[in-house]
Trainee: 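Dumping the structure here so I can ask a few things about it.
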Number of protein chains: 2
Amino acid sequence: MSEARVSQVHRALLGVRDLIVSGDLTAGTRLHEVALSEKLGISRTPLRSALAQLRQEGLVETISSGGYAVRRFSRDDVIDAIELRGVLEGTAARLAAERGVDASRLAELRWLLSEIDGAMRGSEAEMDFDRYVELNAAFHEMLWGLASETIYREIERISRLPFASPSAFLNKQSGVPAFRRSLYGAQAQHRAIIDAIGRREGTRAEAIAREHARLARLNLEYVLDEAPGLIPQVPALSLVVS
Amino acid sequence: MSEARVSQVHRALLGVRDLIVSGDLTAGTRLHEVALSEKLGISRTPLRSALAQLRQEGLVETISSGGYAVRRFSRDDVIDAIELRGVLEGTAARLAAERGVDASRLAELRWLLSEIDGAMRGSEAEMDFDRYVELNAAFHEMLWGLASETIYREIERISRLPFASPSAFLNKQSGVPAFRRSLYGAQAQHRAIIDAIGRREGTRAEAIAREHARLARLNLEYVLDEAPGLIPQVPALSLVVS
DNA sequence: GCTTCCAACAATGTATACATTGTGGCATAT
DNA sequence: ATATGCCACAATGTATACATTGTTGGAAGC
């Protein structure tokens with residue numbers, strides 16, 4: 001799903017997004033186009049195009065007087081984005097169950113599940129965390145596409161908000177034990193979702209997928225309330241102003 | 001909610017969108033930037049910005065060789081867009097019920113409902129159809145915003161697809177009796193949604209809102225299967241191929 | 001000393017010029 | 001006659017120049 005294009009717009013998109021997610025540009029900061037274009041080595045035209053796209057994604061907002069600024073997010077904004085992701089993933093799961101899924105695709109999903117099991121083998125400290133993250137992302141992306149292209153697009157869109165994506169709290173540096181422990185329950189939910197889809201149990205698939213996204217909310221609230229020191233380690237969570 | 005801005009980008013956005021929705025540009029048509037810029041009297045820079053935004057909205061897609069083309073929609077694409085709108089409106093209603101809504105806002109919604117009743121007074125032929133359309137749009141927009149700004153934004157986004165909006169099959173010229181008759185059931189659902197929210201019955205509110213959107217699907221299937229002559233009267237339905 | 005107005009500057013919004021890439025047609029060779 | 005390769009043109013992608021609007025600092029007047 002990664003675009004091979006190396007257009008200037010694409011470069012600008014990645015560049016600015018990285019500056020925001022990494023916390024280099026803090027919430028509310030005005031984005032001066034000339035300064036940014038010089039910093040990134042990209043002319044203003046593709047840069048502006050990228051900024052407009054980031055506005056659609058929600059990371060950036062327009063200022064009344066013109067131009068763009070890094071958006072501020074409240075805790076509730078993040079919670080709602082996670083909730084929405086859960087609702088949409090639930091819809092993908094429900095529609096997949098109701099409409100039916102090719103056996104080959106279900107088999108591929110089950111293969112992903114067994115691979116995840118493999119990555120989690122051993123103790124919490126021993127597990128192949130990086131591989132889990134990779135496989136988890138692949139699993140979710142495949143789930144998104146089970147129902148239809150339209151559904152996939154919408155979930156992919158909401159997941160562009162860095163803190164709403166299924167991998168938001170699974171960054172590699174994070175050695176938070178509580179996060180790793182939550183993965184066992186998460187994997188059980190993965191299995192249950194696929195099982196429900198296979199049995200054409202739409203309501204069950206939807207409910208579990210919604211609940212699955214709640215893990216991200218739990219992690220969010222844990223970080224914000226009990227371990228604020230971790231905030232810089234979660235993508236774009238530094239943009240959350242209470 | 002209407003932007004007062006008269007920027008060239010805004011003009012281009014409205015211009016191109018109108019050309020597409022009106023059926024002037026048919027599905028699959030490549031959008032030549034120079035020709036369009038001359039036709040609209042707008043230079044290429046803001047025009048390209050508008051095209052990029054229309055791509056985000058889904059009306060337009062990029063071509064592999066570069067440039068844009070009017071998107072083709074299948075029947076299933078439209079069905080999924082309507083389904084998604086229903087799911088999201090259901091989420092707005094559920095969250096509103098679960099989280100609670102200010103009495104003043106509920107009162108305003110109930111006032112809208114009574115106004116709709118007023119517009120529907122009399123026989124099918126006598127009713128003030130234009131006013132119904134206007135009030136219906138206002139009701140839905142207000143419902144979208146009951147839960148949170150984030151939810152509102154997402155529903156507003158999906159409703160930008162002309163055939164997914166709550167007003168898609170309520171165009172003024174349409175004198176289709178079947179459509180008008182469906183409005184009585186629709187209004188009953190409006191009441192039930194607000195009643196459920198007032199009683200904090202989230203599940204019920206969500207279910208009814210989802211079912212409410214199904215009316216649009218019924219209308220869609222009626223037009224496509226039984227009255228294809230009406231296709232040009234429904235915004236952007238001419239983009240639906242096969 | 002504080003406020004207000006004006007002017008200069010700096011930033012965004014727009015237009016246009018340039019570069020690069022894809023496409024189509026024509027000619028030539030098999 | 002058909003297929004292939006090359007060349008010319010046209011379209012998009014990018015950079016830059018220009019216009020317009022907002023902002024800030026300083027000076028003058030109260």
Side-chain angles (χ1 to χ4, degrees), chain A residues 1-20 24-72 160 239, chain B residues 1-20 24-72:
Chain A
M1 293 297 166
S2 63
E3 303 199 4
R5 287 191 61 186
V6 286
S7 68
Q8 297 294 79
V9 179
H10 192 62
R11 251 194 278 274
L13 202 59
L14 296 181
V16 178
R17 198 190 281 141
D18 187 61
L19 284 174
I20 295 174
D24 203 333
L25 296 168
T26 59
T29 305
R30 181 165 186 172
L31 297 166
H32 295 271
E33 297 178 359
V34 281
L36 264 180
S37 71
E38 287 168 6
K39 189 167 189 171
L40 298 173
I42 291 169
S43 80
R44 277 183 60 218
T45 304
L47 172 66
R48 280 174 63 84
S49 181
L51 288 175
Q53 186 163 336
L54 285 173
R55 189 179 91 93
Q56 293 291 324
E57 289 183 14
L59 270 187
V60 148
E61 64 190 358
T62 56
I63 301 178
S64 61
S65 63
Y68 297 90
V70 180
R71 193 165 154 214
R72 298 170 189 275
R160 286 273 179 79
L239 302 180
Chain B
M1 295 295 164
S2 63
E3 304 199 5
R5 289 191 59 186
V6 287
S7 68
Q8 298 294 80
V9 178
H10 192 63
R11 252 194 277 274
L13 201 59
L14 296 180
V16 178
R17 198 189 283 143
D18 186 60
L19 284 173
I20 295 174
D24 202 333
L25 295 168
T26 59
T29 306
R30 182 164 185 173
L31 297 166
H32 295 272
E33 297 178 358
V34 282
L36 264 181
S37 71
E38 287 170 5
K39 189 166 188 171
L40 298 172
I42 292 169
S43 80
R44 278 183 58 220
T45 303
L47 173 65
R48 280 175 62 84
S49 181
L51 289 175
Q53 187 163 337
L54 285 172
R55 189 179 91 92
Q56 294 290 325
E57 288 183 14
L59 270 187
V60 148
E61 64 189 358
T62 57
I63 301 177
S64 59
S65 62
Y68 298 89
V70 180
R71 194 165 153 214
R72 296 171 189 275

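Residue numbers begin at 1 in each chain, while the letters A, B, ... track the order of the sequences. Only a predicted model underlies this, so the values are computations on that prediction, with no experimental measurement involved.
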Trainee: Taking for each residue the nucleotide of DNA chain D with the nearest heavy atom, is it B/His32 or A/Ser43 whose nucleotide lies nearer the 5' end?
Mentor: B/His32
Trainee: Taking side chain as C-beta onward, heavy atoms only, is A/Val70 less than 4.5 Å from A/Thr26?
Mentor: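 A/Val70 does not reach A/Thr26 side chain to side chain.
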Trainee: Counting any heavy atom closer than 4.0 Å, what does A/Ile63 reach on the DNA or RNA strands: base, sugar-phosphate only, or nothing?
Mentor: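 Nothing: the residue A/Ile63, judged by heavy atoms under 4.0 Å, touches no strand.
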Trainee: Rounded to the nearest Å, what distance is computed from the CD atom of residue A/Glu33 to the C1' atom of nucleotide C/dT14?
Mentor: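 Atom-to-atom, A/Glu33 to C/dT14, this comes out as 12 Å.
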Trainee: Would you say B/Gln8 places a side-chain N or O within less than 4.0 Å of OP1 or OP2 belonging to C/dA15?
Mentor: yes
Trainee: Kindly give the heavy-atom pair with the smallest separation between B/Ile63 and B/Tyr68, and that separation in Å.
Mentor: CD1-O, 3.7 Å
Trainee: Please report the closest heavy-atom contact between B/Glu61 and B/Arg55, naming both atoms and the distance.
Mentor: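 Residues B/Glu61 and B/Arg55, closest heavy atoms: CA-CG, 4.4 Å.
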Trainee: Atom CG of B/Leu47 to atom C1' of C/dT16: distance rounded to whole Å?
Mentor: 14 Å
Trainee: Does the C/dT12 base have a donor-acceptor partner in the side chain of A/Ser65 within less than 3.5 Å?
Mentor: no
Trainee: Output the rounded distance in Å from CD (A/Glu38) to P (C/dA10).
Mentor: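 Rounded to whole Å, this separation is 13 Å.
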Trainee: Among D/dT14, C/dT12, C/dT16, which nucleotide sits nearest the side chain of A/Arg48?
Mentor: C/dT12
Trainee: Could you work out which one of C/dA15, D/dT12, C/dA11 sits closest to the side chain of A/Arg30?
Mentor: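 Out of C/dA15, D/dT12, C/dA11, the nucleotide with an atom closest to A/Arg30's side chain is C/dA11.
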Trainee: Can you measure A/Leu51 atom CG to C/dA11 atom P for me and round it to whole angstrom units?
Mentor: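 Taking atom P of C/dA11 as the reference, CG of A/Leu51 is at 15 Å.
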Trainee: Does B/Arg44 have a side-chain nitrogen or oxygen under 4.0 Å from the phosphate oxygens OP1 or OP2 of C/dA15?
Mentor: no
Trainee: Looking at A/Arg11 and A/Val6, would you say the former's side chain and the latter's main chain have a donor-acceptor pair under 3.5 Å?
Mentor: yes
Trainee: B/Leu31 CG to D/dA10 P: how many Å, rounded?
Mentor: 20 Å
